[in-house]
Every structure is written in structure tokens, then in C-alpha cells.
Amino acid sequence: MEEKKTFKEKFNENTFVKNYKRMWPFVKPYWKRALFAMIICIPLGCLDSVIAWALQPYMDNVLVAKNRSFLYTWGIPIIIVVFTAFQGLCQYLCDYLNAWVGSKVSLGLKKFLYNKLLHMETAYYDQNTSGDIMRKFCGDADTACAGLLENLKLFVTRGFSSLSLLCVLIYNSWELFVVAIVVLGGALSPLAFLRKRIEKAVNENVEAGSKLITKFNETYAGNKTIASYNLQNKLYNSFTNTVDEIFGRAMKIVQRTSIISPITYTVMSIGIATVIAFSNYLIVTGRISSGNFVSFLAALVMLYQPLKSLNNNLKDVQVSFMAIERIYLIIDREPVIYDKEDAIELNKAVTDISFENVNFEYIEDTPVLKNISFKTNYGQTIALVGNSGGGKTTIVNLLPRFYDVKSGSIKIDGVDIRNYTLESLRDNIAVVFQDNFLFHGSIKDNILLGKPDATDEEIHEALKCACLDDFVESLEDGLDSYIGERGTLLSGGQKKRVAIARANLKNAPIVILDEATSALDNKAEAVVQKAIDNLMQNRTVFVIAHRLSTVQNADRIMVVNDGEIVESGSHEELLNIENGAYKSLYNAQFKIADEAQPVV
């Protein structure tokens with residue numbers, strides 16, 4: 001037997017109440033203005049009944065009794081004008097305050113969500129498209145906040161409007177009032193059923209909208225690829241299909257909500273017709289006057305009028321509430337990678353790093369790394385080579401905890417890295433990626449990310465170590481030169497060297513170089529390699545490279561294939577292994593290089 005829920009429990013489970021309670025922390029700083037806006041909604045709604053109420057004395061005294069006194073001929077119209085003007089002022093104040101509070105709440109929510117996004121683990125970005133991110137962290141905040149106050153304003157205004165109009169109905173005729181209420185109940189009864197029907201359609205439409213944003217982002221980021229492969233028609237057709245999909249889903253929502261209109265129109269017409277028919281009897285028998293009838297009919301029409309737009313209101317409320325629910329899926333999401341309560345700080349005097357039986361997988365039951373074990377001491381250079389997809393980048397991505405190991409451990413100075421604070425761990429690691437991300441702004445802005453409070457002398461030294469000083473001096477604006485979004489105004493080699501200067505300025509004891517010299521011509525590679533050599537001095541370095549010529553001087557070279565370390569040793573030691581994996585890679589690369597030499 002199911003346990004009966006108390007009224008309080010049912011009240012708290014109500015969707016309307018639950019969503020407003022969820023948003024309260026973001027509304028709380030502005031609750032006084034929000035409350036004032038809602039208080040203004042009370043007279044705004046109540047004044048709807050003034051015209052309907054005024055029709056009764058005007059009809060009975062002026063049109064029927066032919067009373068020409070100032071009170072009735074001019075007094076009532078003036079009262080209507082004054083009250084309507086006051087209602088207009090209330091509408092203005094309510095709209096302004098709602099916009100002010102709504103914008104503040106939306107901005108506060110976006111700040112909170114952006115901070116949440118900044119601390120999401122790398123895997124979250126792997127699993128969500130840019131369109132999903134934009135919709136969840138930006139679009140939903142606007143939708144939720146706009147609908148939050150607008151729906152509340154609508155609820156309060158129409159609630160008090162309906163209450164005041166019901167009073168007018170009762171004042172004029174309680175018999176007709178009973179008829180009106182029965183009809184009103186019949187018009188509202190389909191709403192609960194229709195709300196469930198449109199929920200799925202709204203969700204599908206939102207997801208389709210995310211695809212559209214993703215396509216815009218991909219077009220912006222991949223414009224050169226699109227042009228070089230003549231993909232315009234292909235992508236346009238794909239975009240058109242997505243737009244058509246959105247249109248189809250939008251029409252499905254319209255189909256499911258617009259059914260309310262014919263139902264409500266029919267029910268209301270029946271109600272009005274019934275009232276008119278019943279009024280004939282009441283007027284003839286003297287139980288109501290003509291003024292009562294006109295006033296009642298006006299109030300009834302005004303009471304029924306909002307029902308005509310219920311389909312749009314229902315959709316807007318549903319969209320807003322679903323946005324709130326999606327936001328709270330993010331807010332309630334526990335981080336996968338986080339600091340332990342007793343996490344300690346990692347200082348910069350790193351002496352050794354060890355991987356102990358490390359296993360890892362991106363997809364469950366699909367191993368990427370299998371029992372990886374090795375140890376390196378301070379100042380050593382470890383090179384990771386091997387076939388593409390073997391797990392080299394995954395190994396170095398585990399060190400700054402972009403991902404966490406499935407089993408085993410990674411230790412720095414004998415302490416599991418999960419016992420260090422994330423901030424201190426990452427402060428001790430500088431990474432130069434294969435595709436280095438540069439932010440919109442100047443060269444100086446991007447270099448200072450390594451150390452925001454760096455002195456001019458430190459910046460100059462970082463530029464010199466990155467072989468970037470001559471290039472910067474040749475620019476008209478020097479360090480303040482604008483580089484474009486993602487550094488589009490720089491060459492590949494220049495972007496690499498800006499990233500190296502940034503890493504140099506960070507002065508971390510551990511450096512990760514992930515294909516740092518890839519995609520460069522020989523001249524650019526030589527300059528970047530020199531910058532890398534400067535960066536590697538007096539640091540523990542992990543190098544991932546396909547060109548074996550760049551790692552021959554490493555203290556240890558590890559060949560990683562299919563998630564396992566198949567060979568480990570110095571360049572000379574590995575070349576002496578007969579039929580070894582490293583020797584095969586080396587011979588293959590230099591054979592290709594020899595064949596590429598021009599015949600003299």
C-alpha cells in the first residue's frame with residue numbers, strides 16, 4: 001500500500017514550485033526588486049475589472065434610466081481613464097523591473113555556469129559538441145531567466161485579474177457565475193494532458209538547435225578546409241537538412257499546442273451562449289438588470305480572453321521550466337576530477353616521477369593503456385615514440401590529470417598525484433601542445449598567461465629563449481601586436497614559439513612537449529627545435545615525437561604500441577636490438593628520408 005504524501009510534500013514536488021525554489025539562490029540578491037515587481041502585478045491585474053464593473057451603473061443609469069447627471073455621464077468615463085492610465089504606469093514599472101531583475105539573474109547564472117564549465121574535466125569536452133556547450137551554458141540561462149520572471153508576472157497578473165473579474169461576476173449574478181465557472185473548468189481540463197505531450201517535442205527541438213550552433217562553429221574554425229576541399233555544397237546541404245529538421249520539430253510543437261485553441265474557443269462560445277440564454281430568463285424575471293447583464297458579459301469575455309493564448313503560454317512555460325531542469329543537471333553534476341579534502345600542495349622541487357601499473361580507458365572495457373610502469377628522475381628527458389594511436393599522448397595527459405587513471409598510480413616524489421591539489425600540480429607542469437591554442441589578443445597577452453605578474457625582464461628572457469625576440473622587434477607594435485582569434489595572423493612556427501615562450505615564463509619543473517615540431521618546414525622546425533632545447537634545460541621533460549631525429553639525445557626512449565611499452569632505453573641501446581620496434585621505425589624513417597634526397 002502506497003504511503004500517502006502530505007500536502008507539503010505534494011506542494012514541494014509541484015513542477016512550478018520546484019523550479020522556482022531551484023532558481024531562488026540566483027534571485028535572492030535582487031529579491032526586493034523582484035518582490036516589488038510582483039506587488040505591482042497585483043493592481044495591474046485587479047484593474048482589469050474596472051471597465052467591466054463600471055458598465056453596470058453606466059448602463060442602468062445612463063442608457064436605461066436616462067440619468068444625465070455629471071457623476072454618470074462624465075464621472076464614470078473619467079474614472080475609467082484614470083484607472084487605465086494608472087494600470088499603464090504599473091505595466092511600465094513591472095516590465096522595467098522584470099527586465100532589470102531578469103538580466104541580473106541571467107548574468108549571475110551565466111557567471112556561475114561559466115565557472116562550472118572552466119572546471120569541467122577534459123572528458124566532458126570530448127563528449128559534448130560546441131553547440132551543446134553553447135546551448136547548455138549560455139542559451140539555457142537566457143531562456144530560464146526570461147521565462148522565470150515573465151511566467152511569474154503572468155501568473156500573478158492573471159491570477160489577480162481573474163480574481164477581480166470573478167468578484168464582478170458574483171456581484172452581478174451568482175447564478176451566471178456558477179455557469180461561467182463550470183465552463184472555465186472545461187476549458188482548462190486539457191492542459192495537464194497537453195503539457196506531457198509537448199515536453200518531448202520541446203526537448204527534441206532544443207537538441208536540433210544545438211546542431212545548428214555546432215555547424216556555425218565548425219564553419220568558422222574549418223573555413224580553410226572547406227575552401228580547399230570545395231565542401232560548400234556538401235555543408236550547405238547538411239545545414240539545410242538540419243534547418244528542415246528544426247522546422248519539422250517546431251511544427252510538431254505547434255501541432256501539439258495549437259489543439260488548445262479550437263477546444264477553448266468552442267468551450268468559451270458555449271459558455272457565452274449559455275450565459276446569454278440564461279440571462280434572458282433572469283432579466284425577464286427581474287432578478288438582474290440590463291446593466292448587470294452587460295457588466296457580467298464584459299467581465300466574462302475578459303476572463304475567457306487569456307485562454308485564447310494558452311497554447312503559446314503553455315509552450316513558453318514548458319520551454320522555460322525545461323531549461324531550468326537542464327541547468328540543474330549541470331549544477332548538480334559532481335566533478336569527476338577534483339581535490340581531495342586533505343589534498344596537499346606540490347612544491348617546485350620535484351625530484352622524481354613514477355608510473356606504477358597504470359591502466360586507462362576512454363570507453364569502458366576498451367583499454368588504451370595497459371600496465372604502464374616507468375620512473376624518471378629530475379632533469380631527465382623521456383621520449384615517447386611509436387605508431388599513431390598507441391597511447392603516447394594519453395600517457396602525458398594523465399600527468400596533469402586531464403584524465404584520471406582507471407587503476408594503478410602516478411606519483412611525484414612518492415606521492416600519488418591525486419593527493420596533490422589540482423592547482424599546485426598543474427602549476428608545476430608546462431605543456432606545449434601539437435596544436436597550441438592562442439587566445440584573442442596580443443602576443444604579450446598570450447605569453448603572460450604563463451605568469452601574469454612577470455616583469456619586463458622576465459618577458460624578454462622568455463622571448464629570447466623561444467627565439468621570438470627578433471620577430472617581435474620587427475613588428476610595429478612589438479609585444480602589443482594583435483594576433484587574431486586562435487593566432488590566425490601568425491605562422492605555424494610563430495605560434496609554436498609563442499607557446500614555448502608562455503611555457504618558459506611559467507618556469508615549471510616538468511615540461512610536456514606533444515609533437516611540438518610537427519607540421520613545420522625544415523627552416524621553421526630548426527628554429528622551433530632550438531627554442532625547445534632552451535625550454536628543456538634543467539627540467540624533467542616528456543617528449544612525444546614522430547621524427548626520431550629530434551629525440552636521439554633523450555635520456556630514455558620508450559616505444560609505445562597498442563597501449564604498452566614494448567621497448568625502453570637510449571637511442572644506441574634500442575638500435576642494438578635485433579628486429580626491435582625502435583630500429584624498425586628508425587630504419588623506415590631514414591630510408592624514406594634518403595629516398596627523398598635529390599639525385600646528383
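- Checking Thr421 against Ser424 by side-chain atom types alone, a donor-acceptor pair falls below 3.5 Å.
- Remark: Asn377 CG to Thr351 OG1 distance equals 7.5 Å, nearest 0.5 Å.
- There is no side-chain donor-acceptor pair under 3.5 Å between Thr240 and Asn237.
- Between Asn387 and Leu585 the shortest side-chain heavy-atom distance falls below 4.5 Å.
- Taking CG of Asp469 as the reference point, atom SG of Cys467 lies at 7.5 Å (rounded to 0.5 Å).
- A side chain to side chain contact (heavy atoms under 4.5 Å, CB included) with Leu384 is found for exactly one of Val543, Val396, Leu513, namely Val396.
- Contacts of Thr143 classified as side-chain hydrogen bond (donor to acceptor under 3.5 Å, both in side chains), with partners at least two apart in sequence or in another chain: none.
- Defined by atom type and a distance below 3.5 Å, a donor-acceptor pair is missing between the side-chain atoms of Ser238 and Asn241.
- By the 4.5 Å heavy-atom criterion applied to side chains, Ser570 and Gln552 are not counted as neighbours.
- Under 4.0 Å is where a charged nitrogen must lie from a carboxylate oxygen, and between Lys411 and Asp352 no such pair does.
- With rounding to the nearest 0.5 Å, the separation of CH2 in Trp100 from OH in Tyr30 is 6.5 Å.
- Of all the heavy atoms in Leu448 and Ala454, the pair that sits closest is CD2-CB, 4.0 Å.
- Under 3.5 Å, the side chains of Lys583 and Asn576 contain no donor-acceptor pair of N or O atoms.
- Counted within 6.0 Å of CD on Glu473, heavy atoms from surrounding residues, nucleotides or ligands total more than 12; the atom is thus considered enclosed.
- Remark: Lys340 does not engage Asp342 in a salt bridge, criterion side-chain N to carboxylate O under 4.0 Å.
- Counting non-hydrogen atoms of neighbouring residues, nucleotides and ligands closer than 6.0 angstrom, the CG atom of Asn579 reaches no more than 12 such neighbours.
- Crowding of Tyr362 atom OH: a count of heavy atoms from other residues, nucleotides or ligands under 6.0 Å exceeding 12.
- In this structure Asn357 satisfies the side-chain hydrogen bond (donor to acceptor under 3.5 Å, both in side chains) test together with Ser373, sequence neighbours excluded.
- Ser106 and Asp142 are linked by a side-chain donor-acceptor pair at a separation below 3.5 angstrom, with hydrogens and angles left out of the test.
- Side-chain contact annotation: Ser491 with Gln494, donor-acceptor N/O pair under 3.5 Å present.
- No donor-acceptor pair under 3.5 Å is formed between the side chain of Glu564 and the backbone N or O of Asn561.
- Val498 places a side-chain heavy atom less than 4.5 Å from the side chain of Leu468.
- In terms of heavy atoms, Lys116 sits closest to Ile330 at CE-O, 3.1 Å.
- Rounding to the nearest 0.5 angstrom, the gap separating the CG atom in Asp427 from the OH atom in Tyr420 is 14.0 Å.
- Remark: Arg426 CZ to Lys506 NZ distance equals 9.5 Å, nearest 0.5 Å.
- In plain terms, the two heavy atoms of Val350 and Asp413 that are nearest each other are CA-OD2, 3.6 Å.
- In the displayed structure, Asp332 atom CG is contacted under 6.0 Å by more than 12 heavy atoms of other residues, nucleotides or ligands.
- No donor-acceptor pair under 3.5 Å is formed between the side chain of Asp445 and the backbone N or O of Gly441.
- Using a 4.5 Å cut-off on side-chain heavy atoms (C-beta onward), Pro335 and Met120 make no contact.
- The minimum heavy-atom distance linking Met23 with Cys145 is given by the pair CE-SG, 4.1 Å.
- Atom NZ of Lys464 has 12 or fewer neighbouring heavy atoms from other residues, nucleotides or ligands inside a 6.0 Å radius.
- Aromatic rings from Tyr586 and His571 are positioned such that their centres are separated by under 6.0 Å.
- The closest donor-acceptor contact from the side chain of Asn428 to the backbone of Leu346 lies under 3.5 Å.
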Assess whether side chain to side chain contact (heavy atoms under 4.5 Å, CB included) is satisfied between Arg539 and Gln537, documenting all intermediate values.
-> CA-CA 6 Å; Arg539 293 183 173 96; Gln537 291 179 14; 5.6 Å; no
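- In this structure Phe112 satisfies the ring-ring contact (aromatic ring centres under 6.0 Å, His included) test together with Phe26, sequence neighbours excluded.
- Proximity of Arg497 to Val528: side-chain heavy atoms (C-beta onward) are separated by under 4.5 Å at one or more points.
- Closest of all the heavy-atom pairs between Val385 and Tyr582 is CG2-CD1, 4.1 Å.
- Between Glu361 and Thr366, the shortest heavy-atom distance links the atoms CB-O, 3.2 Å.
- By the side-chain contact (heavy atoms from CB on, under 4.5 Å) test, Glu218 pairs with Thr214, sequence neighbours left out.
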Intermediate values then yes/no, side chain to side chain contact (heavy atoms under 4.5 Å, CB included), Asn446 and Ile483 = CA-CA 9 Å; Asn446 278 276; Ile483 62 173; 3.2 Å; yes
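- For Asn504 and Asn534, the side-chain atoms include no donor-acceptor pair closer than 3.5 Å.
- For the atom pair CG (Asp533) and OG1 (Thr381), the distance works out to 9.5 Å, reported to the nearest 0.5 Å.
- In this structure, Arg326 pairs ionically with Asp140, as a charged nitrogen and a carboxylate oxygen lie closer than 4.0 Å.
- Between Met558 and Glu567, every side-chain heavy-atom pair lies at or beyond the 4.5 Å cut-off.
- No more than 12 heavy-atom neighbours from other residues, nucleotides or ligands sit within 6.0 angstrom of CE on Met134.
- Ring-centre distance between Phe137 and Tyr114: not below the 6.0 Å cut-off.
- Other residues, nucleotides and ligands contribute more than 12 heavy atoms inside 6.0 Å of the CG atom of Asn115.
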Would Leu574 and Ile577 satisfy side chain to side chain contact (heavy atoms under 4.5 Å, CB included), going step by step from the backbone distance to the final call?
-> CA-CA 5 Å; Leu574 294 177; Ile577 299 175; 4.0 Å; yes
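- Under the ring pair (Phe, Tyr, Trp, His ring centres under 6.0 Å) criterion, the residue pairs touching residues 467-508 are His440-Tyr482, with sequence neighbours excluded.
- Legend: residues meeting side-chain hydrogen bond (donor to acceptor under 3.5 Å, both in side chains) with Thr550, ordered by chain and number and at least two apart, are absent.
- More than 12 heavy atoms of other residues, nucleotides or ligands lie within 6.0 Å of NZ in Lys110, so this atom counts as buried by the packing criterion.
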Might you work through the side chain to side chain contact (heavy atoms under 4.5 Å, CB included) test for Phe402 and Leu398, ending with a clear yes or no?
-> CA-CA 6 Å; Phe402 295 153; Leu398 294 177; over 6 Å; no
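- Annotation: side chain of Lys392 is not in contact with side chain of Asp514 (no heavy-atom distance under 4.5 Å).
- The shortest distance between side-chain heavy atoms of Leu535 and Val432 falls below 4.5 Å.
- Glu458 places a side-chain N or O within donor-acceptor distance of the main-chain N or O of Thr455, the cut-off being under 3.5 Å.
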